[in-house]
Amino acid sequence: MSTLILALAAGAVIGLALGALGGGGSVLAVPALIYLLGFSPAGATTASLVIVMLTSVTALVAHARDGSVRRRTGLLFAAAGIGPAMLGGALAGRIPAVVLTASFAVVAGVAALRMLRSRPAAEGVVTVRPGRAAVAGAGLGAVTGVLGVGGGFLAVPALVSVLGLRMRNAVGTSLLVITVNSLAALTTRAGTVEELDWAVVGPFVGAAILGAWDGRRLSVKVSGHTLQRIFALVLLAVAAFMLIDAVL
C-alpha cells in the first residue's frame, strides 16, 4: 500500500476520533506516523502536533456552533498549560526515545482506566473550580510538551472526572485546550517543523479535517456514555501496544 493511501486512511481515522471524542487523535497519530509511515519518534511527535492542532481548530468550530464548548473552563485549562507545554517541549529532546514511548503508553493507559471506571456526569449545572482547573491544565500542558501530544486524551477525562462536565461538553471544550497546548508546544519545535515530509503530512491533515466533520456528526447521534467507553477502550489498546513495543 502506498504511503499516500496510508496517510489518507490514518488521517481519516484520527480526524474521526478528534471530532467524535474530542481527543485521542494524537495518541493514534504518533504510532501511525512511526509504524505505518516511517517517521522517527521525534519527527512523529512534531508532525502529530501540527496535524492535531489544525484538525482540532476545524472540529472546535463545529462544536462551538452546537454550543458544546465551555469557553471559561477551556481557557482556564489552556492558560495554565501554556508555560508547562513550552518547558516540556524544550526538555523532550533530552529524553531517550524508549523512555518517551513507555511514558506515553503508561499515561494513556491510566487515563483509559480512569475513564472506564468513572460514572456518567450529572446533567445539572456544572460549577467550575478555577484552582482545580488550573492545576489540571498545567499538568496537561506539561504532558503535551514532553510527549508531543495535544492532550485531549487526558483533557476529556479531566474535564469529566475533575470538573464534572458532561461528556459532550468535555469533548467540545477539550478541542480548545488541544489547540492552544499544541500551538504552545510547537513554538519550542519551530526548527524541526521545516524538516517534516509535507508530502505525507499535507494529505494526512486534509483527511483528518474531513474526518473531524464526520466525527462531530457522530458525537451528536451517539450517547456521551457510549463515546466515553469507546474512547477509553481505544486508548487502552493503543497504550498496551506501545508499552509492549517499548519494552521488547
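All values derive from a computational prediction rather than experimental measurement. Quick note: residue numbers are just sequence positions, from 1.
Between the side chain of T46 and the main chain of G43, no donor-acceptor pair closer than 3.5 Å is present. Panel note: side chain T187, backbone A184; a donor-acceptor pair is recorded below 3.5 Å. A donor-acceptor pair is defined here as one N or O able to donate and one able to accept, closer than 3.5 Å; such a pair exists between the side chain of S68 and the backbone of H63. Listed for the S56 side chain is no donor-acceptor partner under 3.5 Å among the backbone atoms of T179.
Looking at heavy atoms from C-beta onward, V201 lies in side-chain contact with F39 at the 4.5 angstrom threshold. Side-chain contact between F204 and V50 is absent, with no heavy-atom pair separated by less than 4.5 Å. Counting heavy atoms from C-beta outward, M53 and I178 have side chains that stay 4.5 Å or more apart. When side chains are defined from C-beta on, L236 counts as touching L116, because their heavy atoms get closer than 4.5 Å.
Residues in residues 230-248 take part in these side chain to side chain donor-acceptor pair (under 3.5 Å) pairs, two or more places apart or across chains: Y35-D245.
Nearest approach of S40 to I34, heavy atoms of both residues: O-CG1, 4.4 Å. Of all the heavy atoms in S48 and L33, the pair that sits closest is N-CD1, 3.8 Å. Contact detail for N169 and T173: the closest heavy-atom pair is O-OG1, 2.8 Å. A pairwise comparison of heavy atoms in A212 and T55 identifies CB-CG2, 3.8 Å as the closest pair. The shortest heavy-atom contact between T188 and M86 is CG2-O, 3.1 Å. The two residues L165 and R70 have their closest heavy-atom pair at CD2-CG, 3.7 Å.
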Table please: side-chain donor-acceptor pairs of residues 75-82 below 3.5 Å, with sequence neighbours left out.
none

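No continuous path of ILVMFWY side-chain contacts below 4.5 Å connects V61 to L183, so the two sit in separate hydrophobic clusters. Linking Ile, Leu, Val, Met, Phe, Trp and Tyr whenever their side-chain heavy atoms come within less than 4.5 Å leaves I14 and L16 in two separate clusters. A continuous path of Ile, Leu, Val, Met, Phe, Trp and Tyr side chains, each step under 4.5 Å between heavy atoms, connects L54 with L196, placing both in one hydrophobic cluster. Cluster membership for I51 and I209, using ILVMFWY side-chain heavy atoms within less than 4.5 angstrom, is shared. No continuous path of ILVMFWY side-chain contacts below 4.5 Å connects V13 to L233, so the two sit in separate hydrophobic clusters.
With sequence neighbours left out, A239 forms a side-chain contact (heavy atoms from CB on, under 4.5 Å) with A108. For D66, the salt bridge (charged side-chain N to carboxylate O under 4.0 Å, His left out) partners two or more places apart in sequence, or in a different chain, are R216. Listed by chain and residue number, I95, P96, S103 satisfy the side-chain contact (heavy atoms from CB on, under 4.5 Å) test with V99 (two or more places apart in sequence, or in another chain).
Through side-chain heavy atoms spaced under 4.5 Å, either directly or across other Ile, Leu, Val, Met, Phe, Trp or Tyr residues, L4 is tied to L8.
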Take L60 and V69 through the test side-chain contact (heavy atoms from CB on, under 4.5 Å) and record every step on the way to the result. CA-CA 8 Å; L60 176 62; V69 179; 3.9 Å; yes
